[in-house]
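A quick note: this is a predicted structure, and the numbers were derived from the prediction, not measured. Atoms considered below: every heavy atom in the structure, side chains included; atoms not considered: hydrogens, waters and symmetry mates.
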Amino acid sequence: MTNLEQSKQKRPDLSALFIKSAFAAALILLGLNWPRLLAGKSALIERDYSESIYQTIRRGISSFTSLVPFSIAEFLLYFLVIGIFILLSIRLIQLILRKIRFRRFLGTIVSILLAGGIVLNLFYATWGFNYFREPLATRMGLNVTSRSVDELEAFVLKTAQEARDLRATLHEDENGVFAPEERKDELFSRLPAAYTALSEKHSVFPADATRAKQIFWSQGLSWQGISGIYIGLTAEPNVNADQPPLLVFQAAAHEMAHQTGIASENEAELVGYLACVNSSDPNIRYSGLAYALIVAGNALYDADSARYLAVTETYGDAIWRDFTAYNAYWNAFSGEVRQSADRRNDAYLKHNSQQSGIKSYGEAVALLLAYDEKFGGA
C-alpha cells in the first residue's frame, strides 16, 4: 500500500473520531447545563413534564423493573464499573505491547465519554427534570415560614406522645431495641398501600409508587452515609437495608417519594413521613414518627437547648434505646469515606438548584410544621 493510500485510509478514521468526540462533548455540556437552561421554568416543567411525561416514563419503566425482586440498577452499576475498568486495562496493555495504535485507545475513551453523555441526559429525561418543578408547598398551599419556639416545642411534644404510645406496642430485641418480627422486605411491600392511602387524602401525590428494593451490598452505602438512593433510569427506589429498622421504613418511603416525582430532599423527607404515618402497619408508622421526632427535636435543640432537654424527658426509655442504637450504628461508619461522599452529594444537590445541599435534608422541619398547621397533623 502506498503512502498516499495509507493517508486516505487514516483520514476517515480521524474524521469519525473527531465527530464522535464533538458529539460526546456536546452531550456532556448539555447535560451539565440543564439546571441553567431550566431555571425559572418551573410552571412549564410542572405542567408539561412532572405531571404528565414523567409519570408515563416512570410507570412504563417500573412496570418491568418492579417485577424483579432485586435492584437492577445496583448490578448494572457493578457491571459498568468493572466492565469499563477491564476494557481500559486491556486497551492500555495492547497499547503498551503495540498491538493497537494510540488512536484506537483514544477512540475507546471517547466511546466511554459518549456513553456517559447519553446517560447524563437520560438521567434528566427520566427523572432529573423534577428538580426544577414547582415547590411542593406551593402545590399544597403550605405556609412555609419562620416558626416560634412554642410551635416547634408543641410539635415535638405531640409527636413524642404519639411515638411513645405506639412504641409500647412494638416488638423489641434482647437489648430492648425496636426490632420488628417481620422481615424488612415484607414491610417494604406494605409501603405502596401507604402511598395509596396518602393519595386518597391528597391527590397531589400519585397512588401507585412501587415497592422499595434492598441493596445487596447495603453496607457499602453505610460507609458513605447513605440510607437510600433512587435511580430514575430504572425507576427503582433502593434502600440501605443494613441500617437499623428505626428509620429504614421512612428511608424506603423517602425513595418512593422520589419515584413519584418529588426530587427535592426536604420535600421527599416530608412525603416519606406522611406515607409512613398513613400506613396501616404500626412498625412503619413508628419509623415515620421517629424521623419527625429526630428532625424536629434537632431544630428545637438549635433554637432553645434548655426547652429541648425538658421535652426529651417525655420520650421514655424505649425511644431513647432506639435512638442510642441508631446513632451507634452510624457512628461506626464515620470517617473520610463518608465525608468524601457527603461532599459529592452536597455538590450534586447544589448543581441541581438545591441551594442548601445536604443541609436540605434537615430543612424538612419547616414543611412538617407547615403541614401540621394546615392539616392538623398527619
Whether the side chain of S264 engages the backbone of E267 through a donor-acceptor N/O pair (distance < 3.5 Å, no angle test) should be reported. no
Give the C-alpha distance, both sets of side-chain angles, the deciding distance and a yes or no for side-chain contact (heavy atoms from CB on, under 4.5 Å) between I109 and L88. CA-CA 8 Å; I109 294 177; L88 287 177; 4.1 Å; yes
side-chain contact (heavy atoms from CB on, under 4.5 Å) assessment of K99 paired with L95: CA-CA 6 Å; K99 299 292 185 180; L95 181 65; over 6 Å; no
Heavy-atom side-chain proximity of Q94 to I100 below 4.5 angstrom: yes
Counting N and O atoms only, with roles assigned by atom type, does the side chain of S334 sit under 3.5 Å from a partner on the main chain of W330, one being a donor and the other an acceptor? no
Classify the ring geometry between F123 and Y131 as parallel (under 30°), tilted (30 to 60°) or perpendicular (over 60°). tilted
Can you check side-chain contact (heavy atoms from CB on, under 4.5 Å) on N175 and R321, steps first, answer last? CA-CA 8 Å; N175 297 314; R321 289 196 299 270; over 6 Å; no
Within the distance-only criterion (no hydrogens, no angle test), does the side chain of D322 pair as donor or acceptor with the backbone N or O of F178 below 3.5 angstrom? yes
Quick check on the 6.0 Å ring-centre criterion: do H202 and Y371 meet it? yes
Where is the tightest heavy-atom contact between V144 and A137, given as atom of each residue plus distance? CG2-CB, 3.6 Å
Report whether I19 and L114 are members of the same hydrophobic cluster (ILVMFWY, side-chain heavy atoms less than 4.5 Å apart, transitive linking). no
Looking at E51 and I45, would you say the former's side chain and the latter's main chain have a donor-acceptor pair under 3.5 Å? no
Is there a donor-acceptor pair under 3.5 Å between the side chain of D304 and the backbone N or O of R307? yes
So, D372 and R147, do they make that salt bridge, N to O below 4.0 Å? no
Would you please classify the geometry between the W34 ring and the Y124 ring as parallel, tilted or perpendicular, with 30° and 60° separating the classes? tilted
Ion pair present between R139 and E134, side-chain N to carboxylate O less than 4.0 angstrom? no
Side chain of K213, backbone of N238: donor and acceptor closer than 3.5 Å? no
Measure the acute angle between the ring planes of W127 and H258, then classify it against the limits of 30° and 60° as parallel, tilted or perpendicular. perpendicular
Path from V311 to Y291 over hydrophobic side-chain contacts below 4.5 Å: yes
Could you tabulate the donor-acceptor pairs under 3.5 Å formed by side-chain atoms of residues 224-232, not counting sequence neighbours?
from, atom 1, to, atom 2, distance (Å)
Q224, OE1, R344, NH2, 3.4
Q224, NE2, G220, O, 3.3
Y230, OH, Y54, OH, 3.4

Do R167 and E172 meet the salt-bridge criterion of a basic N to acidic O distance under 4.0 Å? yes
Would I112 end up clustered with I118 when hydrophobic side chains under 4.5 Å apart are linked, directly or stepwise? no
F70 and F216 aromatic centres sub-6.0 Å: no
For N283 versus E182, what's the shortest heavy-atom pair and its separation? ND2-OE1, 3.7 Å
For T65 versus A235, what's the shortest heavy-atom pair and its separation? OG1-O, 4.3 Å
P180 and H171, any side-chain heavy atoms less than 4.5 Å apart: no
Do we see a donor-acceptor contact under 3.5 Å between the side chains of K201 and N278? yes
Is it the case that the side chain of T196 and the backbone of A207 share a donor-acceptor pair, with hydrogens and angles ignored and the cut-off at 3.5 Å? yes
Going by distance alone, is a donor N or O of one side chain under 3.5 Å from an acceptor N or O of the other, for S62 and E236? no
Any Lys/Arg nitrogen of R343 or E336 sitting under 4.0 Å from an Asp/Glu carboxylate oxygen of the other? yes
Kindly write out the residues that satisfy ring-ring contact (aromatic ring centres under 6.0 Å, His included) with Y329, not counting sequence neighbours, or none if the list is empty. F333
Quick one: do L198 and L187 end up in the same hydrophobic cluster if we chain Ile, Leu, Val, Met, Phe, Trp and Tyr together by side-chain heavy atoms under 4.5 Å apart? yes
Y49 side chain near R133 side chain, heavy-atom distance below 4.5 Å: no
Same cluster for F375 and L152 if Ile/Leu/Val/Met/Phe/Trp/Tyr side chains link at under 4.5 Å? yes
Looking only at heavy atoms, the pair that brings T314 and A160 closest together is OG1-CB, 3.9 Å
Backbone N/O of I72 and side chain of T234: donor-acceptor pair under 3.5 Å: no
Go through it in stages, so that I can follow the logic: the residues are D208 and T260, the test is side-chain contact (heavy atoms from CB on, under 4.5 Å), and I'd like the CA-CA distance, side-chain angles, deciding distance and then a yes or no. CA-CA 8 Å; D208 59 345; T260 67; 5.9 Å; no
Could you walk me through whether F75 and Y78 satisfy the ring pair (Phe, Tyr, Trp, His ring centres under 6.0 Å) test, starting with their C-alpha distance in whole Å, then the side-chain angles of each, then the deciding distance to 0.1 Å, before giving a yes or no? CA-CA 5 Å; F75 288 96; Y78 298 155; 5.8 Å; yes
Is the backbone of R104 close enough, under 3.5 Å, to the side chain of T108 for a donor and an acceptor to pair up by distance? yes
Output for pair (E265 CD, L270 CG), nearest 0.5 Å, gives 13.0 Å
Kindly give the heavy-atom pair with the smallest separation between C276 and A253, and that separation in Å. SG-CB, 3.9 Å
Over all atoms of both residues, closest heavy-atom pair of F188 and R211: O-CG, 3.6 Å
Ion pair E162/R285, N-O distance below 4.0 Å: no
Quick one about R164 and Q161 (side-chain donor to acceptor, distance below 3.5 Å, no hydrogens or angles considered), yes or no? no
d(L369 CG, T145 OG1) to nearest 0.5 Å is 11.0 Å
Rounded to the nearest 0.5 angstrom, the CZ-CG distance for F249 and L191 is 8.0 Å
What is the distance from atom CG of N33 to atom CD1 of I28, rounded to the nearest 0.5 Å? 12.0 Å
How many angstroms lie between OG in S111 and CZ in R91, if you round to the nearest 0.5 Å? 9.0 Å
Do the side-chain N and O atoms of Y273 and E269 include a donor-acceptor pair separated by under 3.5 angstrom? no
I'd like to know if the side chain of N298 pairs up with that of Y308 as donor and acceptor (distance under 3.5 Å, no hydrogens or angles considered). no
Is a donor on one side and an acceptor on the other found under 3.5 Å between the side chain of S189 and the backbone of E186? yes
About how many Å separate CD1 of I215 and CG of L77, when rounded to the nearest 0.5 Å? 9.0 Å
